[in-house]
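Note sheet for the following structure.
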Amino acid sequence: MKQLLRPVLGGLLALAVFLAPERAEAADFRLTLGGDYQIDTGAFFHLTGTVDFVFVGPLSIGTRFGALLTTSPNSLGVPLDLSLRFNPRRTPLYVEVLGGPWIFFEGDVFRAHGAFGFGYQGRSVSFGLEVGYLQPRPHVGLRLGWRF
């Protein structure tokens, strides 16, 4: 597992450095509640905060971090993701790509995560769907967020 996680983390770090703007415009902060279902392992729920920096036009780069609770088996964890989000100014829709290590306090400590999300972004409320992979299985989930 460590052999898989090291290249993923190295690649994400290199991508973040490459895409990091010299001067970021206004940063957005979103607080998001999420509920996901992972095949064969059950549901997990998380509360995350996301800080996005406008990169170029409708493209933003950011980080997502927070706390999560799994139901089978019951355990706690910390999701950490880099995000690349496309939110066209003329429509209330968004598309995002996420990836990073998730830290669990039971079982496999570090698990690779990658996901694709899309949904509606209003002035202060967002609602969306996320489809991804959390080692060792795929997951699908819903998101409800508030932008500050």
Side-chain angles (χ1 to χ4, degrees), residues 1-21 24 27-56 58-88 91-122 124-148:
M1 182 175 112
K2 289 181 182 179
Q3 294 170 348
L4 172 68
L5 194 55
R6 284 184 184 153
V8 169
L9 290 177
L12 288 172
L13 181 60
L15 180 65
V17 168
F18 177 74
L19 293 176
D28 280 339
F29 179 77
R30 288 190 323 272
L31 187 62
T32 305
L33 290 171
D36 293 76
Y37 181 76
Q38 190 173 29
I39 299 169
D40 294 336
T41 58
F44 58 92
F45 303 95
H46 49 87
L47 175 66
T48 57
T50 305
V51 178
D52 286 324
F53 297 95
V54 174
F55 179 58
V56 176
L59 192 62
S60 62
I61 187 168
T63 60
R64 180 170 82 166
F65 52 91
L68 76 100
L69 170 68
T70 64
T71 60
S72 181
N74 290 339
S75 69
L76 298 173
V78 177
L80 300 170
D81 283 320
L82 288 176
S83 70
L84 191 59
R85 188 176 179 119
F86 180 71
N87 191 359
T91 68
L93 304 177
Y94 72 87
V95 176
E96 66 184 344
V97 177
L98 304 151
W102 285 24
I103 303 166
F104 288 81
F105 300 120
E106 191 173 297
D108 291 335
V109 175
F110 292 98
R111 298 184 195 172
H113 177 254
F116 169 78
F118 58 92
Y120 167 82
Q121 175 66 62
S124 60
V125 176
S126 65
F127 179 80
L129 178 71
E130 183 177 298
V131 178
Y133 177 81
L134 176 61
Q135 191 177 6
R137 293 182 178 78
H139 71 87
V140 62
L142 297 175
R143 307 284 174 269
L144 177 61
W146 295 269
R147 183 166 55 179
F148 297 95

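Any value given below was found using the heavy atoms of this structure, including those in side chains, with hydrogens, waters and symmetry copies removed. Residue numbers run from 1 in the order of the sequence given.
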Heavy-atom pair with the smallest gap, counting every atom of [X] and [Y]:
| X | Y | result |
| --- | --- | --- |
| G34 | R143 | CA-NH1, 3.7 Å |
| N87 | L93 | OD1-O, 2.9 Å |
| L134 | Q38 | O-NE2, 2.6 Å |
| P88 | P58 | CA-CB, 3.8 Å |
| P138 | Y133 | N-CD1, 3.9 Å |
| E106 | N74 | OE1-O, 3.9 Å |

Within the side chain of [X], is there an N or O that forms a donor-acceptor pair under 3.5 Å with the backbone of [Y]?
| X | Y | value |
| --- | --- | --- |
| Q135 | A112 | yes |
| T70 | S75 | yes |
| R30 | R64 | no |

Is any side-chain heavy atom of [X] closer than 4.5 Å to a side-chain heavy atom of [Y]?
| X | Y | answer |
| --- | --- | --- |
| P79 | T48 | yes |
| I61 | D52 | no |
| I103 | L80 | yes |
| E130 | H139 | yes |
| V125 | F127 | no |
| V109 | F104 | no |
| L68 | V78 | no |

To the nearest 0.5 Å, tell me how far [X] [atom1] sits from [Y] [atom2].
| X | Y | atom1 | atom2 | answer |
| --- | --- | --- | --- | --- |
| Y37 | D40 | OH | CG | 7.0 Å |
| Y94 | F118 | OH | CZ | 8.5 Å |
| S126 | R85 | OG | CZ | 6.0 Å |
| D28 | R147 | CG | CZ | 5.0 Å |
| L82 | L98 | CG | CG | 9.0 Å |

TODO: Check the angle between the aromatic planes of W102 and H46 and answer parallel, tilted or perpendicular using the 30° and 60° thresholds.
DONE: perpendicular
- [ ] Starting from the C-alpha separation in whole Å, work towards a yes-or-no answer on side chain to side chain contact (heavy atoms under 4.5 Å, CB included) for V51 and F65.
- [x] CA-CA 9 Å; V51 178; F65 52 91; 4.2 Å; yes
Task: With L142, the side-chain contact (heavy atoms from CB on, under 4.5 Å) member among L33, D36, L129 - done: L129
